Colleague: 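Here it is, the structure in full.
Just so you know, these numbers use all the heavy atoms, side chains as well, and skip hydrogens, waters and symmetry mates. A quick note: this is a predicted structure, and the numbers were derived from the prediction, not measured.
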Amino acid sequence: MEPWKQIELTQTRRHFFGHTGLRMGGVALAAMGASGVAGGAEQKGRMQKGIAGLPHFAPKAKAIIYLHMNGGPSQIDTWDYKPKLEEQFDKDLPDSIRKGQRITTMTSGQARLPVAPSKFKFAQHGQCGRWVSELLPYTAKMVDDLAVVKTLHTNAINHDPACTFVMTGNEVPGKASLGSWLSYGLGAESDDLPSFVVLTPRWSSTAAAQALFTRMWSSGFLPTKHTGVALRSGGDPVLYLPNPDGVHASDRRVMLDALAELNQHRFEQLHDPEIQTRIAQYEMAFRMQSSVPSLVDFEDESAATLESYGPDVRKPGTFASSALLARRMVERGVRVVQILHRGWDQHGNIAGDLPAQCRDVDQASAALLQDLKNRGMLESTLVVWGGEFGRTVYCQGKLTRENYGRDHHPRCFTMWLAGGGIKGGVMLGETDDFSYNVIQDPVHINDLNATLLHCMGIDHERFSFPFQGLDQRLTGVEPQRVLKEILA
Amino acid sequence: MALFFIALETTQLFGQDLDFNRDVRPILASACFRCHGFDAKKREAQLRLDTREGATEKRADAPAAILPNDPDSSLLMQRILSEDQDSVMPPPSAKRQLSKEEKETIRKWIAQGAPYKQHWAFEPLTPSLPPKVEHAPAHWQASTIDRFLYSEMSRQGLKPQPEADRKTLIRRVAFTLTGLPPTLAEVDEFETDPSPNAYEKMVDRYLRSPRFGEEMARHWLDVARYGDTHGLHLDNERQMWAYRDWVVEAFNSNMPYSQFTIEQLAGDLLPSPSYSQLVATGFNRCNVTTGEGGAINEEFLYRYAVDRTSTAIQAWLGLTAGCAVCHDHKYDPLTMKDFYSLYAYFYSAADPAMDGNVDTTAPFQTIPRAEQETELKRLKALESAAKNGLLDFVKHRKKVDAREVSVAERKPVVDIWLDDEFPLGASQRNTSRNAARWSHPSDMPVPMGVRALRQSFGDRYDQTISGGLVPIQLPEESSLELWVRLDPLEPSKAIYFELKAGKVTQRFGWANDKERASLVNVSEENRLGELPTPGEWQKLRIDLTKYKFEAGAEVQEIKLGQFGGICWWDGITCYGSKRADNDLRTDWKRWWSSRKGKDTPYAEGKIAEAIKSGADSEAGKEHSESVEGFFDAMVSAEPSIEIEEARARWSQARIQVAIMESQVAGSMIFRDRPEPRKAFVMLRGQYDQNGEEVEPSTPDFLPKAKRGDGDKKRQNRLDLAQWILSDDLPLSARVAVNRFWQQVFGLGIVRTSEDFGTQGASPSHPELLDDLAGRFRTQGWNVKELIKELVMSAAFRQSSVLTDFAREKDPENRWLARGPRIRLDAEQIRDNVLAVSGLLNLTMGGEGAKTYQPPNIWEPVGYGDSNTRYYIQDHGSLLYRRSLYCFIKRTAPPPFMSNFDGPNREMLCARRERSNTPMQALQLMNDVQHFEAARRLAERVLREAAPGIDQRIRHTYRLVLARTPDEKEMKTLRRALVQFESRLNANPQDAEKMIRVGESLASPTAETRELATYTLLCNLILNLDETITRN
């Protein structure tokens, strides 16, 4: 952080100390194990402040849960119903549709680009009558809560740049991620958990899964404390959370009391406010040591809730358990939860791998929405589902009625949004009969991000950070539009 | 842009207390230039205010925007003061509005004649005498730096702090110059040195230390974006650590910064460049690259060149060229054409668009040391002589008639398939995509020959070997023996051997159970046993007769594989009762006909042609005898003793060469293709939208490069490097000096050390910066001298006590009225605990070490097929290497780095933050590295200090903080110690556990409870704010 900005923050922290005093000794020890925060609710969210002037206007959503389907789910087999494709089976993709647009070098060498209609059945669901594929039976029940956008498009055609783009608004590494922007702008409402948390559950497709990159949750040019904290499914949920073998919480308490005394003594000699910040951060670390384990322990969830997420919910590291964790974190004041589910890169074997991927996420995504709804949290929590690009209508590799593969397709793909600030039961955009080009209401990644910021109470044009001679924005330099059509 | 320069001449009007660059430009830049600035496309009303010409030009329908000396008649003034919503400027809709004071500043400036000045950073270096500071304390009057600083701080109403005590000073200097804390001996030496120049002597000692280069290199490697992986998509390993070591050596040998610049940007273009100069060009290979299937080559060639251009321009000139990739820079006078003309220097790079996911992406340079090079030459000559000896020998041999050796007489067979090297001429590939590694376990010899095949991987790993010069056929009643050794610390979960011979393929596995065997796709029937005991060589046997293999079947392929861990393979040997009747190695004519139409490895010239075209061909008839000779020398299974000896000599010589070659390091280097690529302005920054063609050339707004030969020659990177260093260009020296200043003082004179453009910060001490930069350049770009001057200053030596007044007046310490107090950097924090605990391994250079890392840092993000998906930790002393030498995977950098603001090295980073987070607290308390260090520190204290709590606490403080605690601190520490002690007395089992944290073993003589108690105390002391701070 810029030192002169840090000073400003220190003032806030000093205020915090003035208010509560240094919680040392018995006070913090007593707070251990208790679910709440020592010091009472009015101090909540004191330590992780956003920046002045934000939100720009009253936000609809206080938190966001972003379900990123990494690899590029096939829109044609899930949401973008194209009944007319049936008669096009194995016919060449018409030049009038491709229009000479670039395709990846994985299929540009193929002799033909034969059309592969979806082998999956679609039906209409909900009062809105949304067409949904049989691969997503649970999500299909929630369509009246979803705004489905069929006309997302992106600049990138390969995973690495496309993932970087969808998460940071730029294909080139080095920019700040969506979650970091929100953490920077809005802070968190928790003193015990980070403002931005990332989960990377396992997946079921058998083909080699694409990589994730820490830059997808990196703070880039923003202060590093806004980097997403990856909660881990194996081992410790937060890095370095548990005490070393043999070290007891009471040892830690003794140590932290002595540490605070010694640091305070030092502060009295040097008057450097950084020392006081450090004392506070050690106390927060200590609180995390008890708050995080209770966060990941589902004991207090009802049987009905657990059941709704499906049998995987009891297995740490699954999408289902991640989805439930997401709700629990939002409940505790975490601002951004990002679940990155890998394995959606179906260059081949759509028949085997795509249903497996959908099974991973379908029930739990729907349960998450319902769960939030039951608790009255959905109206203040924005939920997003989608990948970094879509997949081609033409087949990659061998085409049969039963099985086929699809290459990357940046020109149109589907995402859905729900919850805080979003109108349910609507659909935006239309693609051509081949799900190849957008014919109505194109939505650029930057438009999507502008909309997400809007729901969180932020005007994307006024939300910037100076870096490399530019006022950097998540949504880039070109004008973007907020998708008013899908706003509540 | 010529107008820009003419404008400078008007500066004589310039008022005493109003500085255009300091006071006026920032207002105009942020409020006006967006629409009335440099970018012609965005310019409104055809008015530009960024040049004096534009602002004072008479306009068709109105007076000029600015009438110098006459603010009231100036249209600009009227518009900014207007109350009419339609004409006021900036328009009410603009985010940036002008304050009353700003409007007044503009008025005053116009009244003073509206003098323009070029942006300060582009102005030539202006020498100025350091001010007289008669009221300053004597030690502030001696050095130029201090006089400039004192004068400015007085103006701000600040007074300097007294000099810090020696204990604080030595720790401050040691971290600044070496990245490590002082040793006790160093502290004692300095503290007891009565000579007046004791401080200088101490500084000189650290400047001479090899640790100096390591600490300096660390900062530069952030700028150079150095990493150990390619950075995109698979993010596979790359070999470039020789470049990292080059940087260390450059600083240690005090290479002039000018040479440092030239060798990195253009080492390859120097006359007969040395290996070291080629390695230096690795700077331009440090950018992230991809090998992603489906990616479009042109796009990535374009991106790499953009990255290299932006990085070089930012690293040396402090200009953020990135904006000009897509459009003319809005704030700095850098046009797109300027940018792409710079890009043209880099666009003809010889490296491919796709890195191939290998660690040696071309151009790759092997870099033998002088003695290695001599030795390699000698060994290669021996090898060649041994081979020729063998081939010559057969010309004069007595031929053995094959028919005389009857089948019945043939002896039992012993065929060595694999030992010390792959079979001659065989092809091989493996999962890592990199060359196979041969070595021997450090703790024991190999069972056969001199080395073994070492395979290390986190997942399933296959090594496939096929083909080769000598056909291998199974003998009668065949069986196989293989030597295997599993690493005791990183054993594999399962291993397998696969044989494809004739029509039969069988895979045999060794694993402790069925599930683990299935990890390497071995069926339960073919699981031949449990895993060998780790740490021991073990012989595995396979009776091939049980598995449908037929005698005489030709071996087409073998695979050696494992799941996870590290495994050595050696001496794969096939036994049989006798050779199969059809064995090609016993009948040269049949062997010959089997080679028809194929290329035979090691056969050359006429012989090669004869073998390929067959016995009936013209060549075959003519060279029949030579073919037979070749067969006897290379292939025959029943050579004479003499041939056997000659073969052995050749084989030994070959392996000697291979061993030496495997010890020679290599590094990815930069050079151009033979034919330059045409470079174009890329419209809107799109890789496929060519605009105007451009030649390599420097930006128009800066002094041009001098051209040697009549402007005819195409410019190259050497010209660029020399231009960067030329006297006319003020930026390079300012940027370099500022970065070193930032290293020493924690904050640059120009705070935005990465941006010297108009959007960057102005220098706090412009005259001082110019003075330092000017002397740096004219006095030979001497880095050590500069650094020494900085740390010798009174400013650096002050106490860092922060007074209330100073905190109010100068919270970030720009005016340096106190000593710099900054949190240690990530590497320093880790190295510090290793050093004080005595764990630190000071070995320099070499491939990246894989130190302690929590599980699931690489694994959850890594691509399925990446060779850096699974982290295999090193053991023993490698765990304790300096952080500079730790492996950096760019898509998942080590948490000890990222947690403390270490960049991920995907792009240039000229300045790190210093954050202060709970995640850092958790790491310092609980990370095995830190807790183990606490335990080792405790052992050290118990060993070294006189008995007694107080003595021990004092010793710990001396080791960690170079000082002793005061009574208040002692009281706190004593109390904590007693509390730890009583807790552990009640729970001795916890003490047992604590002293086992970390891989280093606790001393067997240590008393467990005492050691654990002091471990907790040391853990506490290592977590002090003071410990992780350069005080």
Colleague: Between the side chains of A:D272 and A:R266, is the shortest nitrogen-to-carboxylate-oxygen separation below 4.0 Å, so that they form an ion pair?
Modeller: no

Colleague: Please determine, among A:N158, A:V477, A:V247, the option with the most heavy-atom pairs under 4.5 Å with chain B.
Modeller: A:N158

Colleague: Quick check on the interface: out of A:H265, A:M255, A:E171, A:R278, who has the most heavy-atom pairs with chain B under 4.5 Å?
Modeller: A:R278

Colleague: Non-hydrogen atoms of chain B under 4.5 Å away: do they reach the side chain of A:E478, the backbone, both or neither?
Modeller: neither

Colleague: Going by distance alone, is a donor N or O of one side chain under 3.5 Å from an acceptor N or O of the other, for B:N899 and B:Q920?
Modeller: no

Colleague: Considering only heavy atoms, which portion of B:R823 lies under 4.5 Å from any heavy atom of chain A: side chain, backbone, both, or neither?
Modeller: side chain

Colleague: Flag this pair as yes if the NZ/CZ of B:R303 is under 6.0 angstrom from the six-membered ring centre of B:F300 and inside a 45 degree cone about the axis; otherwise no.
Modeller: yes

Colleague: Go through A:R287 and A:E283 one step at a time and tell me if the salt bridge (Lys or Arg N to Asp or Glu O under 4.0 Å) criterion holds.
Modeller: CA-CA 6 Å; A:R287 288 196 303 278; A:E283 288 300 327; 5.1 Å; no

Colleague: What part of B:Q314 gets within 4.5 angstrom of chain A, counting heavy atoms only: side chain, backbone, both, or neither?
Modeller: side chain

Colleague: Considering only heavy atoms, which portion of A:L222 lies under 4.5 Å from any heavy atom of chain B: side chain, backbone, both, or neither?
Modeller: backbone

Colleague: Heavy-atom pairs under 4.5 Å with chain A: which of B:D1025, B:V801, B:D990 has the most?
Modeller: B:D1025

Colleague: Based on non-hydrogen pairs under 4.5 Å, which of B:D865, B:D688, B:L232 is most in contact with chain A?
Modeller: B:L232

Colleague: Out of A:E461, A:Q289, A:M216, A:H347, return the one with the most heavy atom pairs under 4.5 angstrom to chain B.
Modeller: A:Q289

Colleague: Chain B heavy atoms under 4.5 Å from A:H248: which part of the residue, side chain, backbone, both or neither?
Modeller: both

Colleague: Hey, are A:D407 and A:T107 close enough side-chain-wise for a donor-acceptor pair under 3.5 Å?
Modeller: yes

Colleague: Parallel under 30°, tilted from 30 to 60°, perpendicular over 60°: which one fits the rings of A:F389 and A:H159?
Modeller: tilted

Colleague: With no hydrogens and no angle check, do the side chains of B:S800 and B:R818 hold a donor and an acceptor under 3.5 Å apart?
Modeller: no

Colleague: Relative to chain A, which of B:P903, B:P895, B:S898 shows the most heavy atom pairs under 4.5 Å?
Modeller: B:P895

Colleague: Name the region of B:M907, side chain, backbone, both or neither, that has any atom closer than 4.5 Å to a heavy atom of chain A.
Modeller: side chain

Colleague: Counting only heavy atoms closer than 4.5 Å, note whether B:E906 contacts chain A via side chain, backbone, both or neither.
Modeller: side chain

Colleague: Taking B:K968, B:E992, B:Q923, B:R996 one by one, which has the highest count of heavy-atom pairs under 4.5 Å against chain A?
Modeller: B:Q923

Colleague: With a 4.5 angstrom heavy-atom cut-off, which part of B:D927 approaches chain A: side chain, backbone, both or neither?
Modeller: both

Colleague: Do A:S183 and A:H226 have side-chain atoms, one donor and one acceptor, less than 3.5 Å apart?
Modeller: yes

Colleague: Pick from A:F267, A:F221, A:F213: which one has the most heavy-atom pairs with chain B under 4.5 Å?
Modeller: A:F213

Colleague: Could you go step by step and tell me if B:R911 and B:D901 meet the salt bridge (Lys or Arg N to Asp or Glu O under 4.0 Å) rule?
Modeller: CA-CA 10 Å; B:R911 177 170 55 133; B:D901 309 308; over 6 Å; no

Colleague: Picking from B:T320, B:L973, B:L802, B:N297, which has the most non-hydrogen pairs under 4.5 angstrom with chain A?
Modeller: B:L802

Colleague: Under 4.5 Å heavy-atom distance to chain A, tell me which part of B:R975 shows up: side chain, backbone, both or neither.
Modeller: side chain

Colleague: Given that the side chain runs from C-beta out, which part of B:E859 has a heavy atom under 4.5 Å from chain A: side chain, backbone, both or neither?
Modeller: backbone

Colleague: Any ion pair linking B:R974 and B:E969 (charged N to carboxylate O, less than 4.0 Å)?
Modeller: no

Colleague: With a 4.5 angstrom heavy-atom cut-off, could you sort out which part of A:L340 is near chain B: side chain, backbone, both or neither?
Modeller: neither

Colleague: So, A:S180 versus A:S219: side-chain donor-acceptor pair below 3.5 Å or not?
Modeller: no

Colleague: Please check if any side-chain donor atom of B:T972 sits under 3.5 Å from a side-chain acceptor atom of A:E261, or the reverse.
Modeller: yes

Colleague: Considering only heavy atoms, which portion of B:L319 lies under 4.5 Å from any heavy atom of chain A: side chain, backbone, both, or neither?
Modeller: neither

Colleague: Output the option from B:L908, B:I1021, B:I1028 having the highest count of non-hydrogen pairs under 4.5 Å with chain A.
Modeller: B:I1028

Colleague: Ignoring hydrogens and angles, state whether a donor on the side chain of B:T891 or B:D235 is under 3.5 Å from an acceptor on the partner side chain.
Modeller: yes

